[in-house]
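Report on the following structure.
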Amino acid sequence: MRSFELRWLPVTGEHAIAAAVLPRVHGDPWDRMLVAQARLEGIPILTADRGIASYEVETIW
């Protein structure tokens, strides 16, 4: 069984810029922000959203 560590992750300017330059594969800007944060911070995203999974980011579901 895998364990998870949860912590607050504030949105930074670096995150916002990374989200803005992501391809518009996913229409939801908040989901693109999550992808940008996950990529920059090296953390996976827990989701069943196939749109998010189409980005180069680790997803768990």
Could you go through the side chain to side chain contact (heavy atoms under 4.5 Å, CB included) check for Trp30 and Val11 one step at a time? CA-CA 11 Å; Trp30 184 250; Val11 176; 4.2 Å; yes
For Thr47 and Trp61 the tightest heavy-atom approach is O-CB, 2.8 Å
Any non-hydrogen side-chain atom of Leu40 less than 4.5 Å from a side-chain atom of Thr12? no
Hey, are the side chains of Glu58 and Ile45 touching, using non-hydrogen atoms and a 4.5 Å cut-off? no
Side chain to side chain contact (heavy atoms under 4.5 Å, CB included) between Leu22 and Arg39, worked out: CA-CA 11 Å; Leu22 281 173; Arg39 289 172 69 172; 3.0 Å; yes
Can you check side chain to side chain contact (heavy atoms under 4.5 Å, CB included) on Leu9 and Ile43, steps first, answer last? CA-CA 11 Å; Leu9 182 60; Ile43 55 178; 3.9 Å; yes
Where is the tightest heavy-atom contact between Ala36 and His15, given as atom of each residue plus distance? CB-O, 3.6 Å
Transitive ILVMFWY side-chain link Val35 to Ile17, under 4.5 Å: no
Taking everything shown except Glu41 itself, do over 12 heavy atoms lie less than 6.0 Å from its CD? yes
From Leu34 atom CG to Thr59 atom OG1, the distance as rounded to the nearest 0.5 Å: 12.5 Å
Has Tyr55 got a side-chain atom pairing as donor or acceptor with Val25's backbone, closer than 3.5 angstrom? yes
Looking at every heavy atom in both Val57 and Ala38, which two are closest together, and how far apart are they? CG2-CB, 3.5 Å
Which value, rounded to the nearest 0.5 Å, describes the distance between Asp28 atom CG and Ile52 atom CD1? 7.5 Å
Heavy atoms only: give me the nearest Met33-Ala19 pair and the separation to one decimal. CA-CB, 3.8 Å
